[in-house]
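Everything on this sheet refers to the single structure shown next.
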Protein chains: 2
Amino acid sequence: MDGTTASSTQLLRQINSGALLRFALEEQVFTAGEAMGATGLTRATVLGVCDGLVDAGWLEEVTDGGEAGPALKGRPARRYRLREAAGVVVGLDAGEGHLTTIVADLRGRELAKRRQSIDSHALGRAGRVAGAQELIRQALADAGCDAADVLLTVVGVPAPVDADGRSPGAGEFWQLMNSGFDQHLDGAVTIENDANLAAIAEHAQEPSANVATLLSGERFGAGLIVDGRLLRGRRGGAGEMRFLDILSDSKLEPEEGTSDGFGALARKWARTLVRSYGGDTSLRRIPDEDITAEDVFQSAREGDPLALDIIARLGARLARIAVVLSSLLDIERVVIAGGISRAIEPVLERARTLLPADSGLPLPDLVASTFGAEAVVHGAIESALTQFRREPMAFLPRAIRR
Amino acid sequence: MDGTTASSTQLLRQINSGALLRFALEEQVFTAGEAMGATGLTRATVLGVCDGLVDAGWLEEVTDGGEAGPALKGRPARRYRLREAAGVVVGLDAGEGHLTTIVADLRGRELAKRRQSIDSHALGRAGRVAGAQELIRQALADAGCDAADVLLTVVGVPAPVDADGRSPGAGEFWQLMNSGFDQHLDGAVTIENDANLAAIAEHAQEPSANVATLLSGERFGAGLIVDGRLLRGRRGGAGEMRFLDILSDSKLEPEEGTSDGFGALARKWARTLVRSYGGDTSLRRIPDEDITAEDVFQSAREGDPLALDIIARLGARLARIAVVLSSLLDIERVVIAGGISRAIEPVLERARTLLPADSGLPLPDLVASTFGAEAVVHGAIESALTQFRREPMAFLPRAIRR
DNA sequence: CAGGTTTTATTTGGATCTTATATTTAGGTC
DNA sequence: GACCTAAATATAAGATCCAAATAAAACCTG
C-alpha cells in the first residue's frame, strides 16, 4: 500500500477504495447498503474496502446509537463516516500586497481564515514565503490542527504559471510573485495563477462548462474554462489580454499599461482626464494623485459626468473582451472577480448595452463575482479539493493518534 | 465479456487487454517478452491476455517460422501480431463542394482513397448522406473489405459541432452541412468540425501542445489545440473568428463576409480593387467576375503590384490572428491548412515581418500545412485512430471468417 | 550426436479479490 | 414469544495475478 508501485492486483482495490472514499466525501454518514448503490459493488466488497479505509485512517465507524433513520427494520446497518482528523487542505492567495489563507476540511468546510497585508517588494521571495508560512501556521492553530494535518496546499500567485508550477523567466515581477512556495509549505503543494483559481472558484459555485473569469483589480488576468477544463498554455500564458490594445489600435506593438485591471484603469484615466475635462466634476475636489478607483465608482453613483464617462469606457472595454471570448472560445459567461467586483455592476450594465443583440449567436452573460476579494483563496481551496477528489488514494491520511 | 456491464473483477482484464492491444498497434509482431516490458505484467499473464485477444479476434499468432531475429538462442518465442482483418477505420471529409474519404487500417496505413465533387445545395441533406455512403462503399471495395469491417467512421463537416455531434440550429447552412451522417454510416460514427479535424491532423504530424490550425480556403475556421486538447465550446463554436472584423473596426457589430477564408478574400478583394487600382496590373486582363484566388497568387509570384498588395493585406490579417491567439491562448504554432496552403507561403512571409519582435514573449511560428487539401480527411482518420487507441476494448473486431 | 546452454512456454501453488449463496444477527411487529 | 425484515457475517466458488518450478524448443559445443 505504498502507492508507488502498486502491483496489478492491487490496482482494483485502489480504484474501489478511491470510489468509496469519493462517496464518503459527499455523505455525512453512510451504510454499506448506500455505498453499494453508489459504487455498484457487492456488500461483501464494500465492507472489505471500508475495513481497509478504516485501517488506513480515512474512515471511522459510527458506534453511538445516535439518530438511526425513521423507519428502521432489520439488523442495524454498520455506519461509517469520513474521519475528520484525516486531514485538511490549505488555500493561499499570495498576492502582491496581501496574503490570505483558508484552512478547510476535506468536504470544503472552512475551518479558519487569516488575512494579512504585506509589502512584497520589501520582503523579497524569501520574505513572502516566510510570511506565508507564519500566516498558515496561525490559521492551522485557529482550526485546531497543525502542519502534519495538511494533505495539500494550493497557492495562487499573480503571475503566469506553467504545468510544473513555474513562471516564465522573463519577468522579474513574476519571479518575485512565484516565490518558490512549493519547497516550503506543507503537504503536496500546487502553484497556480491567481486568475485561474478565481475561475475555478466561480466554476465550482455555478458550474458552466465555458466561463471566463476576469480578475481585474490592479492587474488584469483571465482564467479561462473551456469544455469544463482550465486552459493553461505551455508557459501558463493562456488568459493574457495583451491583444486588446494591440488590436484596437490597428497595430501590433503592445502598449504600456496594457495589463492594467479595471481598478487601475479607472484610477489612471481619472487622474489624466480630470485636468482636461471641461465640465464640472466632483473628482476635481480630490488632489490628482490621491484619486482612487473607489472615488471614481463613488462619484459615478452620485451621477458625476466624468466618472460616468470613465464607467462607459470601462464598459466598452469589457464588451470588447466579452465579444472576443464569446466568439473565439464560445464562452457563455464572463465573471468579474476580485475586490473590484462589488462595485463593478455599473460597468456590467454599460457593457451589456453594447453587446450586439442581433448577431445571431448567443451572447455571454456578464456577472459580478459574489466572492469579493476572496475569489482566489476560495479557488485555491476548491482546486485542492478537486485534486484530492480525483485521486484520494494518492494521499496519506494523518495517522490515528493514540 | 460483453463489454457493457463488465463486473468489477473483469475490469482488470479489460485494462490489461487494452494496454496490450495498444502495444500491438505500435509493433508489427511481438513476443510475450516484449509485451512484458511494455506492460509490466508477468509472462503468464501476458500469454493469458494474448490468448484472450486471439480468441476475441484482435490478435493472431504468427506461425510461419519466417525471419526470426538475428541472434536467437533458446526456445523460440511465440509471436503475435494485430489481426489485419479485425477491422478498418473510415475518415470522411464532407465539404460543401466535395467528398473525400480514406479507408485505413488500425495502424493508420491508408488502404484506399476516393474523392468526388458534389453540389450540396442541389443534393440536400439526404443526398449528401447517400453520396457519402456510395463513395465509402467504393473505397471499401478498393481496400478489399466491406461495411462490416468498419469499426468507426469520423466525419468532418464545415459547421460548428458540439460534443454530441450536433450543430447549432440557427444556420440553415450548418444544418445542411451536418447532414445526419451518424445514422447512416458504418460502425461507431463521430461528427466533427472540419477545422478541428485539420488541427488533429497537424497535431499528430508535429506534436505540440498548443497549436492553432486555420482552415482557410473558401470559409474560415480554426481548430484550437490548447494543453494538448481540442477546444470545442458548448455549441462547438470555439475557433470562430468573427471577432477579427468586430474589433478592428472599433465597433461590435459583425460584418458581412467576416467568415471568409483567405481564398475567398483574395478573390473578392481582387475583383473589387482591380477597378479602382491606378497602376498597371496583370489581373486586369481577366474579366472581373472570373478572377480566382489562384490568379491572385500566380500574379503575385510574377511580381504584379496589385496582387502583392492583396498578399500584404492577407499577411496583416494573419498577423493579427496570430498575435491574438498567441496572446490569449499561448499558442506556439499557427498552421494554415486546406487547399490554399500550397500557395500561402508569401502571405506567411509577410505576416512574419509584421509580428512584433520585441514584445518580450515568444511569437508563434507560422507554417503551411503539408497535407494540402487533404488535411481534414487525414484528421478524420487520425481522430478515429485516437478514439480507438483510447479504448480499443470498447469495439468489437470483425468476427473470424471460417 | 549427446549433452549443455539459453530462452521461452507451461504448469503449479498461493494470494487476493469479487461474486453468489447461505446463515446469523439485531431489532421491530403482531 | 413467534414472526418478519434488513443487514451483517460466513462460506464457497470463480477469476485474476504473481512467483517459482518444470518442461520444451532451439542453438551451440565437443
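Quick note on labels: first sequence line is chain A, next is B, and so on, each numbered from 1. Note that the structure is a prediction, hence the values are computed from the model and not measured. Values below: all heavy atoms of this structure, side chains included; hydrogens, waters and symmetry mates excluded.
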* Please examine the side chains of A/D146 and A/R398, heavy atoms only from C-beta on, and report whether any two atoms are closer than 4.5 Å. =>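 They are in side-chain contact.
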* Asked: Quick one: are B/T39 and B/N16 in side-chain contact, heavy atoms under 4.5 Å?
  ->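 Sidechains of B/N16 and B/T39: no contact.
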* To do: Taking only the side-chain nitrogens and oxygens of B/T45, find out if one of them lies under 4.0 Å from OP1 or OP2 of D/dT16.
  =>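 No.
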* **Phosphate contact (D/dT16 OP1 or OP2) by B/N16 side-chain N/O below 4.0 Å** =>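 No.
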* Looking at B/R389 and B/E382, does any basic side-chain N land under 4.0 Å from a carboxylate oxygen? ->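 Yes, B/R389 and B/E382 are salt-bridged.
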* **Residues A/E27 and A/R79 bridged, charged N to O under 4.0 Å** =>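 Not counted as a salt bridge, because no side-chain N and carboxylate O are separated by less than 4.0 Å.
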[X] [atom1] - [N] [atom2] separation (whole Å):
{"X": "A/L11", "N": "C/dT18", "atom1": "CG", "atom2": "P", "value": "11 Å"}
{"X": "B/D51", "N": "C/dT10", "atom1": "CG", "atom2": "C1'", "value": "11 Å"}
{"X": "B/L20", "N": "D/dT16", "atom1": "CG", "atom2": "P", "value": "15 Å"}
{"X": "A/I15", "N": "D/dC17", "atom1": "CD1", "atom2": "P", "value": "13 Å"}

* Non-neighbouring partners of B/R81 that pass side-chain hydrogen bond (donor to acceptor under 3.5 Å, both in side chains), sequence neighbours left out ->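 For B/R81 the side-chain hydrogen bond (donor to acceptor under 3.5 Å, both in side chains) partners, ignoring immediate neighbours, are B/E60.
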* **Heavy atoms of other groups near A/E391 CD, more than 12 under 6.0 Å** =>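 Not buried by this count: 12 neighbours or fewer within 6.0 Å.
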* Can you give one letter per nucleotide of nucleotides 3-9 of chain D, 5' to 3': B if a protein heavy atom sits under 4.0 Å from the base, S if only from the sugar-phosphate, - if neither? -> --BBBBB
